Amino acid sequence: MPNENSYEVALQKSNAIREGLAKTPEKFTMLTGDRPTGRLHLGHYFGTLKGRVELQNMGAKTNVLIADYQVITDRDTTEHIQDNVYNMVMDYLACGIDPDKTMIYAHSAVPAANQLMLPFLSLVSEAELARNPTVKAEMEASGHELTGLLLTYPVHQACDILFCKGNVVPVGRDQLPHIELTRTIARRFNNRYGKVFPEVEALLSETPLLPGLDGRKMSKSYGNAINISMTAEETAKRIKKSQTDSERMITFDPENRPGVSGLLSTAAICTGRSEVEIAEEIGMGGSGQLKKYVTEAVNEYFAPIRERRQRYENDLDYVKDVLHEGNRRASEIAEQTLAEVRDAMGMVY
Ligand code: TRP
């Protein structure tokens with residue numbers, strides 16, 4: 001019997017949710033979010049942003065969170081945070097997130113959602129928090145000590161999801177422990193005080209993880225990512241600088257030729273063709289021709305998105321309005337949920 005919290009079960013449930021969404025999208029409330037630590041890149045776009053826009057346009061209730069408090073889980077500064085937050089809104093809007101349909105808000109602007117943290121913390125044990133594998137991995141990767149916030153941010157993430165009664169959360173595999181914890185918290189709350197919160201399920205991405213240009217995990221710190229916000233010229237430059245190998249014949253072989261294969265995967269996802277097909281077409285053209293092909297594929301795909309983004313860059317007042325309106329709506333919803341929580345707990349005076 002597979003464990004309720006195994007990846008296989010999560011995948012099955014995710015597929016069931018996908019079917020449900022196609023039939024009755026209005027029954028679903030999606031919430032997902034990003035940490036505003038820098039610009040969003042192609043990995044974000046193909047891994048999650050594109051899917052969010054699809055859910056939004058299908059008619060699910062959609063909410064997108066800019067997780068500013070999570071920035072300080074494993075770093076000691078909020079440098080550039082305002083700029084990162086505004087730019088994140090621009091990325092969202094450029095990619096097709098429509099603020100009339102999707103609520104965009106920031107953690108720190110919704111006090112009532114943050115207040116859920118107190119009752120929720122009482123529902124989990126220190127041991128449960130300490131064995132979260134994603135928290136451990138983040139601590140190791142950042143080299144940061146385990147702060148109280150790093151240890152407990154998965155509980156805060158439960159606040160994110162549950163304040164708006166989210167029941168579907170598009171995430172990558174690394175986030176599954178947090179979804180599991182959210183489900184545990186909702187159940188325990190409902191059992192102890194009466195039903196307030198829904199059952200939450202993860203929606204796993206259907207597209208395989210897009211590697212960086214060098215074949216490694218796509219990451220800002222590796223310099224192997226193309227940002228949505230880059231110009232066509234910046235994109236060309238970044239691709240030109242990426243590491244390939246000395247073999248002229250282009251083949252798709254992620255294990256032995258990570259650079260060439262990372263480039264092929266990037267071209268494949270932008271053109272809808274397969275890596276092998278593109279490799280065969282370029283053949284003896286070598287990495288020069290491959291890079292030219294990738295550059296054109298990326299720039300062509302992102303041209304309309306970047307054109308829209310440019311308009312938002314020139315209209316910061318509009319970007320701020322979108323965020324303020326999202327924050328206002330989120331606060332309204334959070335106040336409502338918090339009132340239900342106080343009521344269930346008998347804290348009504
Ligand atoms: N932890 C997520 C990440 O690192 C971001 C996030 C914050 C999130 N709150 C969330 C994702 C709620 C889904 C639901 O990418």
Side-chain angles (χ1 to χ4, degrees), residues 32-53 64-75 77-99 102 104-108 138 141-142 170-172 174-175 205 207 209-214 216-242 262-263 265-266 269-270 294-295 297-316 318-320 322-323 326:
T32 192
D34 307 280
R35 297 179 186 197
T37 52
R39 301 293 168 270
L40 295 174
H41 54 54
L42 264 57
H44 297 116
Y45 179 79
F46 289 107
T48 169
L49 293 169
K50 201 164 164 261
R52 295 177 196 176
V53 174
V64 177
L65 154 71
I66 300 178
D68 55 355
Y69 272 134
Q70 275 191 18
V71 170
I72 48 168
T73 51
D74 60 2
R75 61 186 78 201
T77 171
T78 53
E79 209 186 353
H80 307 307
I81 191 118
Q82 189 189 56
D83 188 48
N84 288 347
V85 168
Y86 290 152
N87 272 281
M88 192 161 266
V89 178
M90 292 178 208
D91 281 336
Y92 289 158
L93 297 174
C95 291
I97 291 183
D98 173 353
T102 298
I104 303 172
Y105 77 100
H107 263 154
S108 60
E138 280 167 347
S142 67
V171 281
D174 65 310
Q175 297 287 306
S205 180
T207 35
L209 208 62
L210 179 67
L213 294 172
D214 56 2
R216 292 190 290 171
K217 179 179 151 54
M218 193 183 292
S219 161
K220 188 175 58 160
S221 51
Y222 292 158
N224 64 359
I226 299 168
N227 297 337
I228 296 164
S229 57
M230 281 179 176
T231 62
E233 293 70 38
E234 286 166 336
T235 303
K237 223 164 140 189
R238 171 125 321 175
I239 292 170
K240 201 164 182 190
K241 274 209 297 212
S242 75
L263 286 168
S265 293
T266 306
I269 205 159
C270 291
V294 180
T295 304
V298 173
N299 284 340
E300 195 174 309
Y301 189 99
F302 285 93
I305 291 174
R306 287 166 168 173
E307 201 185 302
R308 275 200 298 273
R309 198 181 191 286
Q310 194 88 52
R311 290 208 294 273
Y312 299 120
E313 283 166 31
N314 294 328
D315 194 356
L316 191 60
Y318 174 74
V319 171
K320 289 181 187 174
V322 165
L323 188 57

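For clarity, every value in this text was computed on a predicted model and none was experimentally measured. Just so you know, residue 1 is the first one in the sequence shown, and it goes up from there. The basis for the numbers below is simple: all heavy atoms, side chains too, and nothing from hydrogens, waters or symmetry mates.
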Apply side chain to side chain contact (heavy atoms under 4.5 Å, CB included) to residues T73 and E138 and explain how you reach the verdict. CA-CA 9 Å; T73 51; E138 280 167 347; 5.6 Å; no
Yes or no on side chain to side chain contact (heavy atoms under 4.5 Å, CB included) for T37 and R75, after CA distance, side-chain angles and deciding distance? CA-CA 10 Å; T37 52; R75 61 186 78 201; 3.5 Å; yes
Dump the intermediate steps for side chain to side chain contact (heavy atoms under 4.5 Å, CB included) on H107 and Q70, then the final yes or no. CA-CA 9 Å; H107 263 154; Q70 275 191 18; 4.2 Å; yes
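When all heavy atoms are compared, the tightest approach of P36 to A67 is CD-O, 3.3 Å. P99 approaches V322 most closely through the heavy-atom pair CB-CG1, 3.8 Å. Of all non-hydrogen atoms in T207 and G47, the two that sit nearest each other are OG1-CA, 4.3 Å.
A salt bridge links R39 to D83: one of the charged nitrogens lies within less than 4.0 Å of a carboxylate oxygen.
In this structure, NZ in K237 is found 8.5 Å from OG1 in T231, a value given to the nearest 0.5 Å. Atoms CG and CE, on L42 and M218 in that order, are 5.5 Å from each other to the nearest 0.5 Å. Once rounded to the nearest 0.5 Å, the distance linking CG of N224 with CZ of R216 reads 6.0 Å. Distance check: D34 CG to H44 NE2 gives 6.0 Å after rounding to the nearest 0.5 Å. The line from OG1 of T266 to CG of L210 is 5.0 Å long, rounded to the nearest 0.5 Å. Atom-to-atom distance recorded for I239:CD1 and I226:CD1 is 4.0 Å, nearest 0.5 angstrom.
Counting heavy atoms from C-beta on, the side chains of R309 and N87 come closer than 4.5 Å. Two residues are said to be in side-chain contact when any heavy atoms from C-beta on lie closer than 4.5 Å; R311 and Y318 fail this criterion. Taking the side chain as every heavy atom from C-beta outward, D74 and R35 approach each other to under 4.5 Å. Using a 4.5 Å heavy-atom cutoff, the side chains of D91 and L49 are not in contact. Residues N227 and L40 have side chains not in contact (no heavy-atom distance under 4.5 Å, counting atoms from C-beta outward). Using a 4.5 Å heavy-atom cutoff, the side chains of M90 and E313 are in contact. Taking 4.5 Å as the limit, some side-chain heavy atom of C270 sits within range of a side-chain heavy atom of F46. Counting only heavy atoms from C-beta outward, the side chains of V298 and M230 never approach each other to under 4.5 Å.
Between the side chains of N299 and R306, at least one donor-acceptor pair of N or O atoms lies under 3.5 Å.
Checked against ring pair (Phe, Tyr, Trp, His ring centres under 6.0 Å), Y45 has the following partners two or more places apart in sequence or in another chain: Y301, F302.
Counted within 6.0 Å of CD on E300, heavy atoms from surrounding residues, nucleotides or ligands total 12 or fewer; the atom is thus considered open. Dense packing is recorded around CG of L316, with more than 12 heavy atoms of other residues, nucleotides or ligands lying under 6.0 Å away.
Here the side chain of T295 pairs no donor or acceptor atom with the backbone of A236 at under 3.5 angstrom. Between the side chain of S265 and the backbone N or O of G262 there is no donor-acceptor pair closer than 3.5 Å.
Partner of I104 under the side chain to side chain contact (heavy atoms under 4.5 Å, CB included) criterion, out of D98, L65, L93: L93 alone.
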